[in-house]
Protein chains: 2
Amino acid sequence: MTVSRVLRNRGDVSEATREKVLEAARTLGYVPNKIAGALASQRVNLVGVIIPSLSNLVFPEVLSGISAELEDTGLQPVVGVTNYRPDKEEAVLYEMLSWRPSGVIIAGLEHTEAARAMLENAGVPVVEIMDVDGEGVDSVVGISHRRAGRHMAEAIIAAGYRKIGFLGTKMPEDHRARKRFEGFSEGLAAAGLTVNDTEFYSGGSALLKGREMTQAILARSPELDFLYYSNDMIGAGGLLWCLENGYDVPERLGLAGFNGVDLLEGLPRRLATMDACRREIGRKAAEIIAGRPHSGMIGGEVIELEPVLQLGDTIRRR
Amino acid sequence: MTVSRVLRNRGDVSEATREKVLEAARTLGYVPNKIAGALASQRVNLVGVIIPSLSNLVFPEVLSGISAELEDTGLQPVVGVTNYRPDKEEAVLYEMLSWRPSGVIIAGLEHTEAARAMLENAGVPVVEIMDVDGEGVDSVVGISHRRAGRHMAEAIIAAGYRKIGFLGTKMPEDHRARKRFEGFSEGLAAAGLTVNDTEFYSGGSALLKGREMTQAILARSPELDFLYYSNDMIGAGGLLWCLENGYDVPERLGLAGFNGVDLLEGLPRRLATMDACRREIGRKAAEIIAGRPHSGMIGGEVIELEPVLQLGDTIRRR
DNA sequence: CCCGTCGCCGTTATCGCTAACATAGCGCTT
DNA sequence: AAGCGCTATGTTAGCGATAACGGCGACGGG
């Protein structure tokens with residue numbers, strides 16, 4: 001017991017014995033067994049974080065926001081990756097909950113029925129992140145992708161573009177990209193316009209795909225005067241291709257992406273984009289998990305962040 | 001016990017009771033407590049993975065190799081990030097070992113003394129990855145960065161470049177970048193050459209930094225005819241800058257990066273690089289951890305992978 | 001001088017599961 | 001009818017920590 005007290009800095013132990021314990025622990029190379037500790041105390045200093053992918057650049061940024069916020073709370077994030085597959089998400093969630101974490105942060109609002117039930121019965125704070133367009137289980141932190149798409153459509157129309165193409169991912173499970181597209185279409189519809197042509201991809205180097213898709217869509221529909229990309233990476237590829245092929249950007253052809261990745265700063269021209277508040281989302285989510293025990297177990301907060309439209313150099317200004 | 005047997009698929013249980021148990025578990029929403037399970041069985045299906053950063057693109061790729069290999073072994077990776085800080089590495093390692101994982105995969109061969117001691121006494125397989133230039137604790141999977149640098153130097157010299165600049169990160173704790181630089185310098189020295197000028201950066205958008213550094217180094221040393229970048233991202237920034245500013249690449253000025261990230265495929269010209277075998281490193285490391293229990297606890301293997309030089313379009317060919 | 005308080009440390013009983021062994025019931029042989 | 005070998009299920013004793021409480025000097029006030 002005395003050892004336990006020393007190693008956790010809890011309860012009083014005389015300075016003399018404390019020293020002796022630490023000394024002994026050091027020479028023995030003793031590492032306490034958290035498994036036993038967690039079982040006895042019913043407390044686990046882990047927070048489960050479930051995201052669709054690590055190669056998307058967006059999620060590592062969210063993670064870094066989470067880590068930063070958790071840094072000195074004694075909590076530790078544990079990451080699970082679903083590859084955008086609902087069944088994998090369910091499995092990862094089950095696995096995580098079986099370790100009884102102090103909280104769960106999970107991307108998106110769409111889950112299998114079983115996953116939703118698990119989240120509801122987990123008995124720990126749950127934060128669904130990235131997206132606020134829908135019904136959450138507990139707390140929600142994110143942006144409205146639908147409104148983001150709509151907002152972009154309005155900006156494009158205001159800038160005078162009329163023949164609009166959309167380029168995106170082929171993933172049916174990327175609900176946020178889907179919602180952006182829907183919002184975008186609505187925004188166009190409100191002005192009596194529609195998306196004139198679309199192009200989708202999956203897998204491979206996004207930058208390269210951006211080039212290829214741009215070439216393809218412009219070959220097919222040369223009349224287009226604006227291309228809206230569902231992420232910055234393919235947008236960057238498209239931008240490079242357009243510049244190389246002598247398109248007059250943004251006069252003849254406007255371009256925009258989504259996310260606000262800092263990679264864009266190094267491009268020859270600043271691609272129009274919308275910041276998805278990635279780090280901020282991570283921070284807020286972690287804050288809810290870390291703060292919950294103190295703040296009287298309220299739960300169910302919904303925090304909607306406002307993505308900021310950055311016109312950059314690829315949407316003409318009036 | 002019967003429930004335990006059903007849920008672990010271990011031992012024989014009649015089909016009838018198995019069904020009843022599963023049914024009950026489902027309606028109760030029962031999730032077994034792995035903490036108690038792990039304590040009792042002294043087995044934990046987690047593998048600790050410790051890496052310096054998630055924003056480097058390289059590490060998510062290693063991770064994806066690890067996940068893929070672990071996919072159906074019943075093992076699960078748990079990621080810890082050190083931000084290139086040795087003290088953080090030590091803390092993360094301690095935290096991980098206190099959960100008694102089935103194995104540890106850790107980037108690099110350089111650790112604090114305490115961390116090394118922990119790895120030695122962990123009593124589980126340890127794989128140090130990315131780098132083979134040094135002494136490992138147990139198994140090692142990686143490439144020789146020193147040789148990679150040297151190899152690049154030789155290729156550059158063979159192509160006839162003579163006035164060579166080096167651009168890299170300012171991080172003293174990035175031992176692999178340092179080793180590449182040392183090997184590179186050795187390679188030049190062997191031909192009676194030296195690095196004519198250097199430029200270092202830290203933080204910020206790598207692509208943008210690549211531009212800025214390239215501009216700076218060429219302004220200061222216009223006679224340079226080759227720029228070696230310590231990673232592909234700054235190399236890509238440099239390439240874009242050179243093309244925009246009318247440099248004749250690769251005739252007047254050659255360029256090369258390091259890593260072989262697939263982003264390069266979307267650039268206007270293919271940057272010369274060297275593949276760091278990232279996914280492969282992840283796979284092999286995971287394979288060692290997963291295979292160890294079977295293969296008779298040998299341990300101590302060193303797997304050196306061969307990075308392949310890709311000349312691309314930015315080193316002139318003879 | 002007694003008793004309450006405080007500081008420090010030890011004892012006991014869990015936590016929820018699994019390893020290892022025990023038992024019950026059945027069919028079959030001897 | 002007893003004994004054997006199965007299979008299917010139950011019992012017991014931990015795993016290594018912590019919560020909760022208990023004990024024991026020392027000290028100080030009445």
Side-chain angles (χ1 to χ4, degrees), chain A residues 1-46 48 73-76 78 93-104 118 121-124 293, chain B residues 1-46 48 73-76 78 91 93-103 118 121-124 293:
Chain A
M1 266 320 292
T2 300
V3 171
S4 172
R5 275 190 272 256
V6 170
L7 265 33
R8 287 181 301 148
N9 283 319
R10 206 180 299 281
D12 4 54
V13 182
S14 72
E15 196 49 44
T17 37
R18 149 176 251 92
E19 279 307 326
K20 278 202 286 187
V21 168
L22 288 175
E23 168 62 18
R26 217 172 298 124
T27 64
L28 292 173
Y30 171 75
V31 177
N33 187 328
K34 287 229 177 186
I35 298 174
L39 184 62
S41 67
Q42 307 286 358
R43 262 181 277 111
V44 179
N45 68 336
L46 300 176
T73 61
L75 292 173
Q76 256 233 325
V78 175
L93 179 60
Y94 186 80
E95 174 77 13
M96 286 212 162
L97 289 182
S98 72
W99 286 100
R100 303 287 189 273
S102 298
V104 174
M118 282 191 252
N121 301 323
V124 296
Chain B
M1 265 323 288
T2 300
V3 171
S4 173
R5 275 189 272 257
V6 170
L7 265 33
R8 288 181 302 149
N9 284 320
R10 206 179 298 282
D12 12 46
V13 182
S14 73
E15 196 48 43
T17 38
R18 149 176 252 92
E19 279 305 326
K20 279 200 286 185
V21 168
L22 288 175
E23 169 62 17
R26 218 172 298 125
T27 63
L28 292 173
Y30 172 75
V31 178
N33 187 328
K34 287 228 177 184
I35 298 174
L39 184 61
S41 66
Q42 307 285 5
R43 262 181 280 107
V44 178
N45 68 336
L46 300 176
T73 61
L75 292 173
Q76 255 233 327
V78 175
L93 179 60
Y94 186 79
E95 175 77 13
M96 285 212 163
L97 288 181
S98 72
W99 287 100
R100 303 288 190 272
S102 297
M118 282 191 251
N121 301 322
V124 295

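Chain letters run A, B, ... following the sequence lines, proteins first, then strands; residues in each count from 1. Here the structure is a predicted model, which means the values were calculated and not measured.
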Length of the line joining [X]:[atom1] and [N]:[atom2], which is rounded to integer Å:
X	N	atom1	atom2	value
Arg100(A)	dG16(C)	CZ	C1'	9 Å
Trp99(B)	dA17(D)	CH2	P	13 Å
Gln42(B)	dG16(C)	CD	P	18 Å
Arg43(A)	dG16(D)	CZ	P	21 Å

What pairs with Ser14(B) under side-chain contact (heavy atoms from CB on, under 4.5 Å), at least two apart in sequence or on another chain?
Ala16(B), Thr17(B)
Test side-chain contact (heavy atoms from CB on, under 4.5 Å) applied to Ala40(B) - qualifying residues, sequence neighbours left out:
none
Is it true that Arg26(B) and Glu23(B) have a side-chain N and a carboxylate O under 4.0 angstrom from each other?
yes
Report the distance from atom CE of Met118(B) to atom CE of Met96(B), rounding to the nearest 0.5 Å.
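It is 12.5 Å, given to the nearest 0.5 Å.
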Could you list all N or O pairs between the protein and nucleotides 26-28 of chain C that sit under 3.5 Å apart?
none

Could you check which residues of residues 9-27 of chain A get a heavy atom under 4.0 Å from DNA chain C? Sort them by number, please.
Asp12(A), Val13(A), Ser14(A), Thr17(A)
Any donor and acceptor pair, going by atom type alone, linking the side chain of Ser98(A) with main-chain N or O of Val31(B) inside 3.5 Å?
no
Taking only residues two or more places apart in sequence or in another chain, which ones pass side chain to side chain donor-acceptor pair (under 3.5 Å) with Gln42(A)?
none
Distances under 3.5 Å between protein N/O atoms and the N/O atoms of nucleotides 11-14 of chain D, please, pair by pair.
none

